[in-house]
Amino acid sequence: MVTGPEPRLPRPLPGAVGLSHLSAYDWEAADGVCGGSPHLHLVCSEAYVVTGGRGAVQTLGPDGYRDIPLRPGAVAWFTPGTVHRMVQGGGLRVTVLMQNSGLPEAGDAVFTFPPEVLADPERYAAAATLPPGAGPAAQAAARRRRDLAVEGFLRLRETLAAGDAGPYRDFQRAAARLVRAKVPRWRELWRAGALAAAERTGAQLDALETGEPDYLGDATAYRAAPTRLGGFGMCGYRDEYALPGTTLPYDGLGEPAAGQGACPGRPPTGQTGGLGTGRPAS
């Protein structure tokens, strides 16, 4: 039971991480695998904490191709530049922790579309953007986007397996070119989020060292619930939290958007009006 006054909207989650929940898509791709849209991040590491079901994450990197099993209790994470594809094996449910919250939603995510699409920013945007809403049109667009990303992913995987890392390196450079204009905005978000969180810790350490921990007088607690369920994310159906500095709906290009088989999975569950305003814990 809440007995005190509600605090103002909270700061970002610990460390200014992003938080969401995913259920991998149950759509079968050209290679017979069900799952999400392969992509990479340019400056954000990402972690999967598996909470249910089974599946895998397929990755491409300088160390080649990897297929990492996902089972309840497992944690898998990957650094910037690692191509990753979530694979549905049956009821896979993952909590996602994202470094530099807000940056992926501002465009730090590039799909593995074929080179001819990556070379044309307008064509890339058309392929990556989803229509608003969570109806059939959005689902069809999300599935087309996934299929196009898988097409490019399979090409990259084949060349890496043959010992040729050139196309993979070319993809990384093409991704960097696509997002270059976004960097000033990303820097603003980083300064307001992850950097500010680290600097607050520094200020708190200084206060402790001088024997004046007045900041402890601001102690409080918060709670929140997802504000959108079953949106069409890159990897799967995505539950999101509308908290300051945390994950917000996105359409694949870094702009806010409304909420997307042969394998077992979970269908989208629509919208919910959860406790996404940082209310105090009861």
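By convention here, the first residue in the shown sequence is residue 1.
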- Give a yes or no on whether the backbone of Ala161 and the side-chain of Glu158 come within a donor-acceptor separation of less than 3.5 Å. no
- Task: Go through the steps to decide whether Leu97 and Leu19 satisfy the test side chain to side chain contact (heavy atoms under 4.5 Å, CB included), and finish with yes or no.
- Result: CA-CA 5 Å; Leu97 301 176; Leu19 173 69; 3.8 Å; yes
- Item | Side-chain heavy atoms of Val57 within contact of Arg85, under 4.5 Å | no
- Item | Side-chain heavy-atom pair Val179, Val110 within 4.5 angstrom cut-off | yes
- Query: Quick check, are the ring centers of Phe153 and Phe111 under 6.0 angstrom apart?
  - Reply: no
- Message: Whether the side chain of Arg185 engages the backbone of Leu103 through a donor-acceptor N/O pair (distance < 3.5 Å, no angle test) should be reported.
- Response: no
- Message: If you count every heavy atom of other residues, nucleotides or ligands that lies below 6.0 Å from Arg187 atom CZ, does the total exceed 12?
- Response: no
- Hydrophobic cluster identity match, Trp77 and Leu13, side-chain contacts under 4.5 Å: yes
- Message: Please identify which of these residues, Val83, Thr112, Leu40, Thr159, meets the side chain to side chain contact (heavy atoms under 4.5 Å, CB included) condition with Leu60.
- Response: Val83
- Quick one: closest heavy-atom pair of Glu28 and Arg146, and the distance? O-NH2, 3.2 Å
- Query: Which atoms form the tightest heavy-atom contact between Ala138 and Leu130, and what is the distance?
  - Reply: O-CD2, 4.4 Å
- Item | Asp170/Arg173 salt bridge by N-O under 4.0 Å criterion | yes
- Looking only at atom types and distance, does a side-chain atom of Thr129 sit under 3.5 Å from a main-chain N or O of Ala126, one as donor and one as acceptor? no
- Item | Test item: side-chain donor near acceptor, Arg93 and Ser23, under 3.5 Å | yes
- Query: According to the interplanar angle, ranging from 0 to 90°, do the rings of His84 and His41 count as parallel (below 30°), tilted (30 to 60°) or perpendicular (above 60°)?
  - Reply: tilted
- Query: Looking only at heavy atoms, what is the nearest atom pair of Ala127 and Leu148, with distance?
  - Reply: CB-CD2, 3.7 Å
- Ala29 backbone acceptor or donor facing Asp147 side chain under 3.5 Å: no
- Query: For the atom pair CZ (Arg169) and CG (Leu160), what is the distance rounded to the nearest 0.5 Å?
  - Reply: 9.0 Å
- Query: Is it true that a side-chain atom of Trp27 and a backbone atom of Cys34 form a donor plus acceptor pair closer than 3.5 Å?
  - Reply: no
- Message: Taking Gly231's backbone N and O only, do any of them form a donor-acceptor pair with Arg238's side chain (distance below 3.5 Å, no angle check)?
- Response: no
- Got a second to check how far Gln58's CD is from Leu154's CG, nearest 0.5 Å? 8.5 Å
- Query: Is any NZ, NE, NH1 or NH2 atom of the basic residue among Asp67 and Arg157 found under 4.0 Å from an Asp or Glu carboxylate oxygen of the other?
  - Reply: no
- Query: Is it true that Glu188 and Arg191 have a side-chain N and a carboxylate O under 4.0 angstrom from each other?
  - Reply: no
- Interatomic distance, Phe113 atom CZ to Phe171 atom CZ [nearest 0.5 angstrom]: 9.5 Å
- Item | Within-4.5 Å side-chain heavy-atom neighbours: Leu216 and Asp214 | no
- Note on the structure: In terms of heavy-atom contacts, Leu92 and Ala56 come closest through CD2-N, 4.4 Å
- Query: So, the side chain of Gln172 versus the backbone of Gly81: is there a donor-acceptor pair under 3.5 Å, distance only?
  - Reply: yes
- If you take all heavy atoms of Pro131 and Ala141, which pair is closest and at what distance? CD-CB, 3.5 Å
- Query: Using the benzene-type ring in the case of Trp, are the ring centres of Tyr241 and His21 under 6.0 Å apart?
  - Reply: yes
- Task: Taking Arg145 for its side chain and Ala128 for its backbone only, find out whether a donor-acceptor pair lies under 3.5 Å.
- Result: yes
- Query: Taking 4.0 angstrom as the limit, do Glu116 and Arg155 come out as a salt bridge?
  - Reply: yes
- Would you name the heavy atoms of Met86 and Ala24 that are closest together and state the gap between them? SD-CB, 3.5 Å
